[in-house]
Novice: 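Quick one: the structure is below, and I'll ask about it shortly.
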Amino acid sequence: MTAFLYPGPVVFVVRGSARGQFAKQIERFTEARVFTCKPKAEVRKRDRWKTLDEYLTDPAVIRPTVVVGWESLTEWAERLVDMGPVTVIFDEIHRARSSKRIRAVSTPGAPLDVTFAANDNRATAAFRLSRAAARRFATSATPIENVPKDLWAQYDLIRPGEFGPYRLFAERYCDRKPGPFVGFDDKGASHSAELARRLNTMRHKVDSAITHATLPPRCRESIYLSPAEQDKPGPGFASEIKAAAKRGSSAILECKLAEAATRKRSWILD
């Protein structure tokens, strides 16, 4: 709710399968009209706005509020940056824990002439979006304290530049040293007490016992997964359905339900 205390566009970066759920919750508890960033294949005729341009030019939209999935952030990052977001909320920010935002590119015919280019990944897209905003928030329920190397990219999104470049962070807090064969080993930990003190100034940690005691009772909500978000069905269902046809319609229904369940396994595990 604090995102709506200041004027200006707001962007929520969430799990792709939770886009619709987030949009409904925002419209339920605020007066904002939400635009959900969808792949072109998922845009429907009944959608009020087919494109982001239509949404931003609608006079009924007082405060632009956009929900985008992590999975499609690289496709939408440029348009969202151009929109000039004031506040960005990164839900499940551990999805952007990669520190590899740039890559070395050698010039053909001149192997010693190397330049650097931005990676086309969600970490780089999140980096660009965070720099375009004035206010940044992040949430995560995934334990990350035991992997210091994953912390830099996440905290650099909400407090840009506070830890410096990744190399310095890794040398100070990840026990960075030459690897056994090539490159560097940055999977260790060093100066952990100092890092914990610094992180306590920028994060708010809530134990699960407190959240369970203060949040309202859990509710059941239906979530629609579009065909593009589903997996391929598990193997062997064609023969199973053919065999079930001899046992009647109930057997066919059971097989089809089982097949539908396998299409959603990635979302369930996630």
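Counting begins at 1 with the first residue of the sequence. The model shown is predicted, which means the values in this text are computed figures rather than measured ones.
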Novice: So how far is it from Ser140 OG to Gln154 CD, rounded to the nearest 0.5 Å?
Specialist: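 Ser140 atom OG to Gln154 atom CD measures 6.0 Å (nearest 0.5 Å).
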Novice: Atom NZ of residue position Lys100 - does it have more than 12 heavy atoms of other residues, nucleotides or ligands inside 6.0 Å?
Specialist: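 Atom NZ in Lys100 is not packed in, count stays at 12 or less.
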Novice: How about CD on Glu54, more than 12 heavy atoms from neighbouring residues, nucleotides or ligands closer than 6.0 Å, or not?
Specialist: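 Yes, the 6.0 Å shell around CD holds more than 12 heavy atoms from other groups.
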Novice: Check Arg122 against Thr74 and note the closest heavy-atom contact, atom names and distance.
Specialist: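 It is N-CG2, 3.6 Å.
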Novice: Same hydrophobic cluster for Val86 and Phe137, using side-chain heavy-atom links shorter than 4.5 Å among ILVMFWY?
Specialist: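 Not linked; separate clusters.
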Novice: Please name the pair of heavy atoms, one in Tyr155 and one in Met202, separated by the smallest distance, quoted to 0.1 Å.
Specialist: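 Closest heavy-atom pair between Tyr155 and Met202: CD2-SD, 3.1 Å.
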Novice: Ignoring hydrogens, what is the shortest heavy-atom contact between Glu78 and Arg128? Give both atom names and the distance.
Specialist: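 Closest pair (atom of Glu78, atom of Arg128, distance): CA-NH2, 4.1 Å.
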Novice: Ignoring hydrogens and geometry, is there a side-chain-to-backbone donor-acceptor pair from Asp58 to Ala60 under 3.5 Å?
Specialist: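 Such a contact is found between Asp58 side chain and Ala60 backbone.
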Novice: Within a 6.0 Å radius of atom CD1 on Ile62, are there more than 12 heavy atoms belonging to other residues, nucleotides or ligands?
Specialist: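 Atom CD1 in Ile62 is not crowded, with 12 or fewer foreign heavy atoms closer than 6.0 Å.
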Novice: Under 3.5 Å, side chain of Lys264 to main-chain N/O of Gln230, donor-acceptor pair present?
Specialist: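 Not confirmed, Lys264 side chain does not pair with Gln230 backbone.
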Novice: Counting only heavy atoms from other residues, nucleotides and ligands, does the tally under 6.0 Å from NZ of Lys256 exceed 12?
Specialist: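 No - once you tally the heavy atoms of other residues, nucleotides and ligands closer than 6.0 Å, there are 12 at most.
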Novice: Check Lys232 against Arg265 and note the closest heavy-atom contact, atom names and distance.
Specialist: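 Between these two residues, the closest heavy atoms are O-NH1, 3.1 Å.
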Novice: Among Leu80, Leu73, Asp91, which one satisfies side-chain contact (heavy atoms from CB on, under 4.5 Å) with Val13?
Specialist: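 In the set Leu80, Leu73, Asp91, the residue that makes a side-chain contact (heavy atoms from CB on, under 4.5 Å) with Val13 is Leu73.
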Novice: Mind checking the CZ-CZ spacing from Arg203 to Arg159? Nearest 0.5 Å is all I need.
Specialist: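 Reported value, rounded in 0.5 Å steps: 12.5 Å.
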Novice: Give the cluster check for Ile241 versus Leu253: same hydrophobic cluster or not, with ILVMFWY residues linked at side-chain heavy-atom distances below 4.5 Å.
Specialist: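 Ile241 and Leu253: separate clusters.
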Novice: Would you call Glu240 and Glu259 a side-chain contact if the rule is heavy atoms closer than 4.5 Å?
Specialist: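 Not touching, per the 4.5 Å side-chain cut-off.
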Novice: For a quick test of reading the model, state the closest non-hydrogen atom pair linking Phe127 to Asp156 and the distance between them.
Specialist: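 Closest pair (atom of Phe127, atom of Asp156, distance): CD1-OD2, 4.3 Å.
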Novice: Please examine the side chains of Pro64 and Tyr55, heavy atoms only from C-beta on, and report whether any two atoms are closer than 4.5 Å.
Specialist: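 A side-chain contact exists here, since the closest heavy-atom pair is under 4.5 Å.
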Novice: Are there over 12 heavy-atom neighbours, none belonging to Phe184, within less than 6.0 Å of that residue's CZ?
Specialist: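 Yes, because the 6.0 Å sphere around CZ of Phe184 holds more than 12 heavy atoms from other groups.
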Novice: With clusters defined by side-chain heavy atoms of hydrophobic residues (ILVMFWY) lying less than 4.5 Å apart, directly or transitively, does Phe90 cluster with Leu199?
Specialist: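 Yes, because Leu199 and Phe90 connect within a single hydrophobic cluster, where side-chain heavy atoms sit under 4.5 Å apart.
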Novice: Looking at Arg198 and Leu195, would you say the former's side chain and the latter's main chain have a donor-acceptor pair under 3.5 Å?
Specialist: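 Side chain of Arg198 to backbone of Leu195, a donor-acceptor pair under 3.5 Å: no, none is there.
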Novice: I'd like to know whether CZ of Arg33 has more than 12 heavy-atom contacts from other residues, nucleotides or ligands below 6.0 angstrom.
Specialist: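 Open.
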Novice: Taking atom NZ of Lys177 as the centre, does the number of heavy atoms from other residues, nucleotides or ligands within less than 6.0 Å exceed 12?
Specialist: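 For Lys177, atom NZ is crowded (more than 12 foreign heavy atoms under 6.0 Å).
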Novice: Any non-hydrogen side-chain atom of Thr214 less than 4.5 Å from a side-chain atom of Val206?
Specialist: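 They are not in side-chain contact.
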Novice: Could you check whether the rings of Phe163 and Tyr173 sit parallel, tilted or perpendicular, using 30° and 60° as the cut-offs?
Specialist: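 The arrangement is perpendicular - the two ring planes meet at more than 60°.
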Novice: Main chain of Gly188, side chain of Ser190: is a donor-acceptor contact present, judged purely on distance under 3.5 Å?
Specialist: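 The answer is no, because no donor-acceptor pair under 3.5 Å joins these two groups.
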Novice: Looking at Arg136 and Ser130, would you say the former's side chain and the latter's main chain have a donor-acceptor pair under 3.5 Å?
Specialist: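 Yes; judged by distance alone, with no hydrogens or angles, the pair exists.
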Novice: Minimum heavy-atom separation for Glu71 to Gly16, with atom names?
Specialist: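 For Glu71 and Gly16, the tightest heavy-atom pair comes out as OE1-N, 2.8 Å.
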Novice: Among the clusters formed by ILVMFWY side chains lying less than 4.5 Å apart, do Phe4 and Val14 turn up in the same one?
Specialist: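 Yes; Val14 is reachable from Phe4 via cluster members.
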Novice: Taking the six-membered ring for Trp and the single ring otherwise, decide whether the centroids of Tyr166 and Trp152 are under 6.0 Å apart.
Specialist: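 Under 6.0 Å, so yes.
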Novice: Looking at Thr124 and Arg101, would you say the former's side chain and the latter's main chain have a donor-acceptor pair under 3.5 Å?
Specialist: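 Side chain of Thr124 to backbone of Arg101: a pair is present.
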